[in-house]
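Contents: one structure, followed by commentary.
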Amino acid sequence: MTPQELTDIAVWADALTQDELPQAAAGVRMKTFERGQHVAHFSDYLDAWHGVIEGVLRVGHVSDTGQVAGVSAILGGGWFGEGSIIKDEARRYDVVAVTDAEVAIMRGDTFRWLFANSVGFNRFLVQLLNERLGQFIAIVGRDRTSSAVVRLAHTIAAMYNPVLFPRTPAEIEMPQEDLGVFAGISRQITNKSLQILANDGLITLIPTGLKVLDIEGLKDYGG
DNA sequence: GCATTAACAGCCG
DNA sequence: CGGCTGTTAATGC
């Protein structure tokens, strides 16, 4: 793709020099996935770095009983998969499109070239990893004690982390069942909790999704 | 009480 | 029909 196209879809493109930008852009292409399609399978050897341009992906792994565990969402502007490239190993998770999604794919050698040469790119990676770590620590801290509504509110708020997902739209298209998986609660309680949050004026419900009205309110919900 | 699963009817493409 | 939504009943921690 062209440097301009890359700048339009990736915030980290701004951190590259004039020399680096065309190199990066040349190694990135777009691909669309339909709801339910796998972007990456567990144990796949995928030599690529992925960015979500539109839609929602779910990363996690599936147990033998079909239960999904250890999941997190990736949405607008979120990039992932650098661990497998840097460590040169197979994927440790399944990545599935929860909604129809548009995904940018960077070739592994392009990633490694930026990793070896671009100061700005590495700064972005450090910031990305740091933010992701903070998000997981926050989950561990609140998971045991909090109620379903609070968990759901924080789960939704986390989808608007400006570093991890700088382009998440106000309206998120996502079935309540998948939202429940991200929050770690059942579909029925997800439905009830969504109605409570809507009653509080933090969100409104739309067909197959929700519209966020008050991100700060969700973040601070329940304490 | 609160959450989970199972099962239901209603809605919509 | 098939997927999503909203609700209720039965059960468990």
Strictly by salt bridge (Lys or Arg N to Asp or Glu O under 4.0 Å), give each pair with a member in [range] just once, sequence neighbours left out.
| range | answer |
| --- | --- |
| residues 165-191 of chain A | A/Arg35-A/Asp178 |
| residues 71-89 of chain A | A/Glu82-A/Arg132, A/Lys87-A/Glu89 |
| residues 10-21 of chain A | none |

Pairing residues for [X] by the side-chain contact (heavy atoms from CB on, under 4.5 Å) criterion, not counting sequence neighbours:
| X | result |
| --- | --- |
| A/Glu34 | A/Gln37, A/Asp100 |
| A/Glu102 | A/Met30, A/Thr32, A/Ile53, A/Glu54 |
| A/Thr208 | A/Pro175 |
| A/Asp200 | A/Ile196, A/Leu202, A/Tyr221 |

(request) Name all residues meeting the side chain to side chain donor-acceptor pair (under 3.5 Å) criterion together with A/Arg29; count only those two or more places apart in sequence or in a different chain, and write none if there are none. (result) none
(request) Indicate whether the side chain of A/Gln195 and that of A/Asn199 have a donor and an acceptor atom separated by less than 3.5 Å. (result) no
(message) How many whole angstroms separate atom CD of A/Glu173 from atom P of B/dC12?
(response) 17 Å
(message) At a heavy-atom distance below 4.0 Å, what parts of residues 192-206 of chain A sit against DNA chain B?
(response) none
Nucleotides 1-4 of chain B: which of its N/O atoms have a protein N/O under 3.5 Å away?
| unit_1 | atom_1 | unit_2 | atom_2 | d |
| --- | --- | --- | --- | --- |
| B/dA3 | OP1 | A/Ala148 | N | 3.0 |
| B/dT4 | OP2 | A/Ser186 | N | 3.3 |
| B/dT4 | OP2 | A/Ser186 | OG | 3.0 |

(request) Using ring pair (Phe, Tyr, Trp, His ring centres under 6.0 Å) as the criterion, list what pairs up with A/Phe121, not counting sequence neighbours. (result) A/Trp12, A/Trp49, A/Phe111
(message) Could you tell me the boundaries of the chain A footprint on DNA chain C, defined by atoms under 4.0 Å from its heavy atoms?
(response) C/dC4 to C/dT8
